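These notes concern the structure reproduced below.
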Amino acid sequence: MRNAEARISSVGVYGITVAAELVGVGEQTLRLYERKGLLTPSRTAGGTRRYSDDDLVIVRRVLELLEVGVNLVGIRHVLELEAENRDLRAEVDKLSS
DNA sequence: CTTCTAACA
DNA sequence: TGTTAGCA
(Lines give C-alpha, C1' and ligand atoms only; values in the text may rest on other atoms or scores of the structure.)
Protein backbone atom coordinates (compact mmCIF):
# COMPACT_ATOMS: atom_id res chain seq x y z
CA MET A 1 0.00 0.00 0.00
CA ARG A 2 1.02 3.46 -0.74
CA ASN A 3 -0.14 5.17 2.41
CA ALA A 4 1.57 7.16 5.11
CA GLU A 5 3.56 4.24 6.46
CA ALA A 6 5.27 3.30 3.22
CA ARG A 7 5.56 6.76 1.69
CA ILE A 8 7.65 8.73 4.12
CA SER A 9 9.18 11.56 2.17
CA SER A 10 8.74 14.84 3.92
CA VAL A 11 7.85 13.53 7.36
CA GLY A 12 11.18 12.00 8.34
CA VAL A 13 13.19 14.80 9.82
CA TYR A 14 16.85 14.91 10.77
CA GLY A 15 19.12 17.41 12.43
CA ILE A 16 21.77 19.07 10.29
CA THR A 17 24.54 16.90 11.75
CA VAL A 18 22.88 13.57 11.01
CA ALA A 19 21.65 14.85 7.64
CA ALA A 20 25.17 15.89 6.68
CA GLU A 21 26.53 12.52 7.68
CA LEU A 22 23.86 10.62 5.78
CA VAL A 23 24.67 12.35 2.50
CA GLY A 24 28.41 12.67 3.19
CA VAL A 25 28.89 16.43 3.29
CA GLY A 26 29.72 18.98 5.99
CA GLU A 27 27.14 20.94 7.90
CA GLN A 28 28.40 24.20 6.46
CA THR A 29 27.84 22.86 2.96
CA LEU A 30 24.20 22.13 3.67
CA ARG A 31 23.76 25.69 4.93
CA LEU A 32 25.42 26.96 1.75
CA TYR A 33 23.01 24.98 -0.40
CA GLU A 34 20.11 26.55 1.41
CA ARG A 35 21.68 29.98 1.04
CA LYS A 36 21.96 29.43 -2.70
CA GLY A 37 18.32 28.41 -2.86
CA LEU A 38 18.92 24.75 -3.62
CA LEU A 39 17.33 23.53 -0.42
CA THR A 40 14.43 24.65 1.68
CA PRO A 41 14.43 22.58 4.87
CA SER A 42 11.68 23.13 7.37
CA ARG A 43 12.53 24.85 10.62
CA THR A 44 11.46 24.36 14.19
CA ALA A 45 10.14 27.16 16.35
CA GLY A 46 13.63 27.65 17.72
CA GLY A 47 15.12 28.08 14.25
CA THR A 48 16.75 24.66 14.00
CA ARG A 49 16.77 23.11 10.54
CA ARG A 50 14.68 20.02 9.94
CA TYR A 51 15.85 17.98 6.96
CA SER A 52 13.22 15.66 5.56
CA ASP A 53 13.91 12.51 3.58
CA ASP A 54 12.85 14.48 0.56
CA ASP A 55 15.55 17.07 1.23
CA LEU A 56 18.20 14.36 1.42
CA VAL A 57 17.49 13.09 -2.08
CA ILE A 58 17.75 16.67 -3.31
CA VAL A 59 21.20 17.00 -1.76
CA ARG A 60 22.24 13.76 -3.41
CA ARG A 61 21.04 15.15 -6.75
CA VAL A 62 23.06 18.28 -6.09
CA LEU A 63 26.20 16.22 -5.47
CA GLU A 64 25.50 14.21 -8.59
CA LEU A 65 25.15 17.33 -10.71
CA LEU A 66 28.27 18.82 -9.18
CA GLU A 67 30.36 15.87 -10.37
CA VAL A 68 29.07 16.39 -13.89
CA GLY A 69 30.27 19.98 -13.77
CA VAL A 70 27.15 21.99 -13.06
CA ASN A 71 27.62 24.89 -10.69
CA LEU A 72 25.24 25.72 -7.84
CA VAL A 73 23.37 28.35 -9.82
CA GLY A 74 22.80 25.91 -12.66
CA ILE A 75 21.72 23.19 -10.26
CA ARG A 76 19.13 25.54 -8.87
CA HIS A 77 17.51 25.81 -12.28
CA VAL A 78 17.79 22.09 -12.91
CA LEU A 79 15.96 21.43 -9.68
CA GLU A 80 13.22 23.85 -10.63
CA LEU A 81 12.82 22.26 -14.04
CA GLU A 82 12.72 18.78 -12.54
CA ALA A 83 9.99 19.81 -10.16
CA GLU A 84 8.04 21.39 -12.98
CA ASN A 85 8.52 18.35 -15.17
CA ARG A 86 7.37 16.12 -12.36
CA ASP A 87 4.22 18.16 -12.08
CA LEU A 88 3.52 17.99 -15.80
CA ARG A 89 4.18 14.28 -15.92
CA ALA A 90 1.64 13.69 -13.21
CA GLU A 91 -0.95 15.59 -15.19
CA VAL A 92 -0.20 13.59 -18.33
CA ASP A 93 -0.61 10.42 -16.33
CA LYS A 94 -4.00 11.59 -15.23
CA LEU A 95 -5.12 12.32 -18.78
CA SER A 96 -3.91 9.05 -20.27
CA SER A 97 -5.65 6.90 -17.71
C1' DC B 1 22.23 24.71 17.41
C1' DT B 2 22.72 29.59 14.58
C1' DT B 3 25.17 33.24 11.37
C1' DC B 4 29.31 35.46 9.80
C1' DT B 5 34.21 35.87 8.22
C1' DA B 6 38.26 34.25 6.17
C1' DA B 7 41.28 31.11 3.76
C1' DC B 8 42.17 27.28 0.53
C1' DA B 9 42.02 24.31 -4.03
C1' DT C 1 33.52 28.76 -7.53
C1' DG C 2 32.73 25.60 -3.85
C1' DT C 3 34.28 23.75 0.57
C1' DT C 4 36.03 23.96 5.16
C1' DA C 5 37.48 25.93 9.73
C1' DG C 6 37.07 29.01 13.46
C1' DC C 7 34.70 32.57 15.99
C1' DA C 8 30.68 34.93 18.44
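Every chain is numbered from 1 and lettered A, B, ... according to where its sequence line falls, protein lines coming before strand lines. Since this is a predicted model, take the numbers as computed values, not measurements.
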By nearest heavy atom, map Arg35(A) and Gly15(A) onto DNA chain B; which one lands nearer the 5' end? Gly15(A)
For residues 60-73 of chain A, tabulate all N or O donor-acceptor pairs below 3.5 Å that involve a side-chain atom, not counting sequence neighbours.
from     : atom 1 : to       : atom 2 : distance (Å)
Asn71(A) : OD1    : Gly74(A) : N      : 2.9

Could you measure the distance from the CD1 atom of Ile75(A) to the CD1 atom of Ile58(A)? Nearest 0.5 Å is fine. 12.0 Å
Stretch residues 37-47 of chain A: residues that reach within less than 4.0 Å of DNA chain B through a heavy atom: Arg43(A), Gly47(A)
Are the side chains of Arg50(A) and Thr44(A) in touch, meaning some heavy atoms are under 4.5 Å apart? yes
With a 3.5 Å cut-off and sequence neighbours excluded, list the donor-acceptor pairs that the side chains of residues 79-94 of chain A form with protein atoms.
from     : atom 1 : to       : atom 2 : distance (Å)
Glu80(A) : OE2    : Arg76(A) : NH1    : 2.3

With both pairing distances under 3.5 angstrom for Watson-Crick or G-U wobble, and | for a partner in another strand, the correct string for DNA chain B is .|.||||||
Spatial distance of atom OG (Ser10(A)) from atom CG (Asp55(A)) [nearest 0.5 Å]: 8.5 Å
Excluding sequence neighbours, so at least two apart, what forms side chain to side chain donor-acceptor pair (under 3.5 Å) with Arg35(A)? none
Give the table of side-chain donor-acceptor pairs shorter than 3.5 Å for residues 11-32 of chain A, with sequence neighbours excluded, one pair per line with atom names and distance.
none

Summarise protein proximity over nucleotides 1-7 of chain C in one line of letters, 5' to 3': B for base, S for sugar-phosphate only, - for none, counting protein heavy atoms closer than 4.0 Å. SSBBBB-
